[in-house]
Peer 1: 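Quick one: the structure is below, and I'll ask about it shortly.
Nothing here was measured: the structure is a model prediction, and the numbers come from that model. Scope of the values below: all heavy atoms of this structure, side chains included, with no hydrogens, waters or symmetry mates.
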Amino acid sequence: IKKIGVFTSGGDSPGMNAAIRSVVRTCAYMKIDCMGIYRGYQGMIEGDFKPMDARSVNNIINKGGTILKSARSLEFQTKEGRKKAYDQLQSAGIDGLVVIGGDGSFTGALIFHKEYNVPIIGIPGTIDNDIFGTTYTLGFDTALNTVVEVIDKIRDTASSHNRLFFVEVMGRDVGHIALNAGVGAGAEEILIPEENLGLERLLESLKRSKASGKSSSIVVVAEGDKTGKNVFELKEYVEEHLPIYDCRVSVLGHMQRGGSPSCFDRVLASRMGVKAVEALLEGKSSLMVGIQDNKITLTPISKAIKGHTKIDKELMRVSDIMTV
Ligand code: F6P
């Protein structure tokens, strides 16, 4: 491998810049060239490349978003698009790739590798933590801290007005953000897609909590929850069946993807970037860097995109106990 191309793809997540920095600096350390590819696969198709040296990534470890920009490319899903991308890599002399992204980006990477045999290593960057083969994805920890900070603020106003707040958090079709931030923020109830306990149970729990002397409450709702109602319909349902509460809804949205990465995400990104470049130099491909038992590991991308990290049952129990 003489020249590695690095790019970010799919939804951005805090820590992506720290990972770019790590890949670029590891290349400099190993004395190989590094090329930044802008706007993910779309930029690859268009040849939107820029050489990166160690100094080109100064002062980005603390920055949210991604300096290389990100995109979800429809053109790359076509054979013609991938052919164009391959030709661009060839003419730029890029002979290895590091993709920082989520499962959609990894699926594209696998197809591309099968068709053109370009070595490719993945770094999991998504706030959702929905990738198998790593206990933590880049950005998850920062997103949790953001959500907890915001719910703390919502709690101030909820308790001042004796209100019940439904707070919708991201996570696509998994409940890791909801469960972890919910426990961290002391939520009364946490609704996640992995365990749909039904609306009856929600009403019972809210009734019990009112009877036990609580005057305000926070219910954290994962955006992919399986109650069959969106967060606004949930609010209406509770208001209708439990008129003892004055309810409000807060949808946190994309603020969860922004902000300066936590120290945890910066360290994780730095470790993952080093491993990704090392793996390419050792002739490996189609693997994803992860962290398991605090060790940096490699998992076949084909496995990483098939399964999700399981929801933590012990944490669900802790959440139940805390709302006694
Ligand atoms: O995968 C990250 C994520 O933020 C999910 O939590 C969310 O469902 C989705 O991306 C939102 O996507 P977009 O930014 O395209 O609206």
Side-chain angles (χ1 to χ4, degrees), residues 6-26 36-40 52 56-72 98-106 122-131 133-153 167-172 174-185 220 222-223 251-276 288-291 294 296 304 308-309:
V6 58
F7 62 104
T8 49
S9 166
D12 62 323
S13 71
M16 280 185 162
N17 280 328
I20 295 167
R21 172 181 178 269
S22 174
V23 169
V24 170
R25 293 222 167 140
T26 308
I37 300 172
Y38 284 85
R39 294 177 293 116
M52 299 187 87
S56 67
V57 288
N58 284 352
N59 305 322
I60 66 165
I61 193 167
N62 56 330
K63 297 256 186 330
T66 158
I67 58 159
L68 291 177
K69 315 275 181 185
S70 194
R72 292 184 172 126
V98 175
V99 51
I100 307 167
D103 56 356
S105 315
F106 289 167
I123 293 180
T126 164
I127 61 165
D128 301 336
N129 209 36
D130 60 348
I131 294 179
T134 188
T135 314
Y136 302 108
T137 55
L138 277 186
F140 176 58
D141 182 68
T142 306
L144 291 183
N145 289 321
T146 303
V147 172
V148 164
E149 195 185 322
V150 174
I151 296 182
D152 286 350
K153 293 188 164 119
V167 181
E168 187 194 272
V169 300
M170 279 186 168
R172 210 179 282 272
V174 301
H176 294 296
I177 296 180
L179 180 60
N180 285 270
V183 170
V220 173
E223 64 177 343
V251 176
L252 302 192
H254 286 78
M255 70 156 72
Q256 295 164 90
R257 290 228 300 253
S260 178
S262 64
C263 181
F264 180 87
D265 277 328
R266 297 180 196 192
V267 173
L268 184 61
S270 304
R271 294 175 75 184
M272 286 179 163
V274 170
K275 187 72 175 180
M288 182 198 77
V289 183
I291 183 165
N294 201 26
I296 298 297
H308 286 159
T309 312

Peer 1: So Thr137 and His176, do their side chains get closer than 4.5 Å, heavy atoms only?
Peer 2: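 No - every pair of side-chain heavy atoms lies 4.5 Å or more apart.
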Peer 1: Do Gln256 and Val147 come close enough that some side-chain heavy atom pair is under 4.5 Å?
Peer 2: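 Yes, their side chains come closer than 4.5 Å.
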Peer 1: Taking CG in Asn58 as the centre, count heavy atoms belonging to other residues, nucleotides or ligands within less than 6.0 Å. Is the count above 12?
Peer 2: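 Above 12, so yes.
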Peer 1: Answer yes or no: is there a side-chain heavy-atom contact under 4.5 Å between Arg271 and Asn294?
Peer 2: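 In contact.
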Peer 1: Mind checking the OG1-CG spacing from Thr66 to Asn17? Nearest 0.5 Å is all I need.
Peer 2: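 Between Thr66 OG1 and Asn17 CG, I get 5.5 Å after rounding to 0.5 Å.
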Peer 1: Is there a donor in the side chain of Ser260 and an acceptor in the side chain of Arg266, or the other way round, less than 3.5 Å apart?
Peer 2: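 Yes, side-chain donor-acceptor contact under 3.5 Å.
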Peer 1: Any idea which heavy atoms bring Thr126 and Ser13 closest together, and the distance?
Peer 2: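 It is N-OG, 3.5 Å.
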Peer 1: Looking at every heavy atom in both Phe140 and Asn180, which two are closest together, and how far apart are they?
Peer 2: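 Taking Phe140 first and Asn180 second, the nearest heavy atoms are CZ-ND2, 3.8 Å.
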Peer 1: So which atom in Asp130 and which in Val174 form the shortest heavy-atom distance, rounded to 0.1 Å?
Peer 2: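 It is CB-CG2, 3.7 Å.
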Peer 1: Restricting to non-hydrogen atoms, name the atom on Gly273 and the atom on Ser22 that form the minimum distance, rounded to 0.1 Å.
Peer 2: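 Shortest heavy-atom contact: CA-OG, 3.2 Å.
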Peer 1: Could you check whether any side-chain heavy atom of Ile296 comes within less than 4.5 Å of a side-chain heavy atom of Val289, counting everything from C-beta outward?
Peer 2: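 When only atoms from C-beta onward are counted, Val289 and Ile296 do touch, with a gap below 4.5 Å.
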Peer 1: Would you check if Tyr38 and Leu68 make a side-chain contact, meaning some heavy-atom pair closer than 4.5 Å?
Peer 2: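 They are in side-chain contact.
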Peer 1: So Ser105 and Thr8, do their side chains get closer than 4.5 Å, heavy atoms only?
Peer 2: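 Sidechains of Ser105 and Thr8: no contact.
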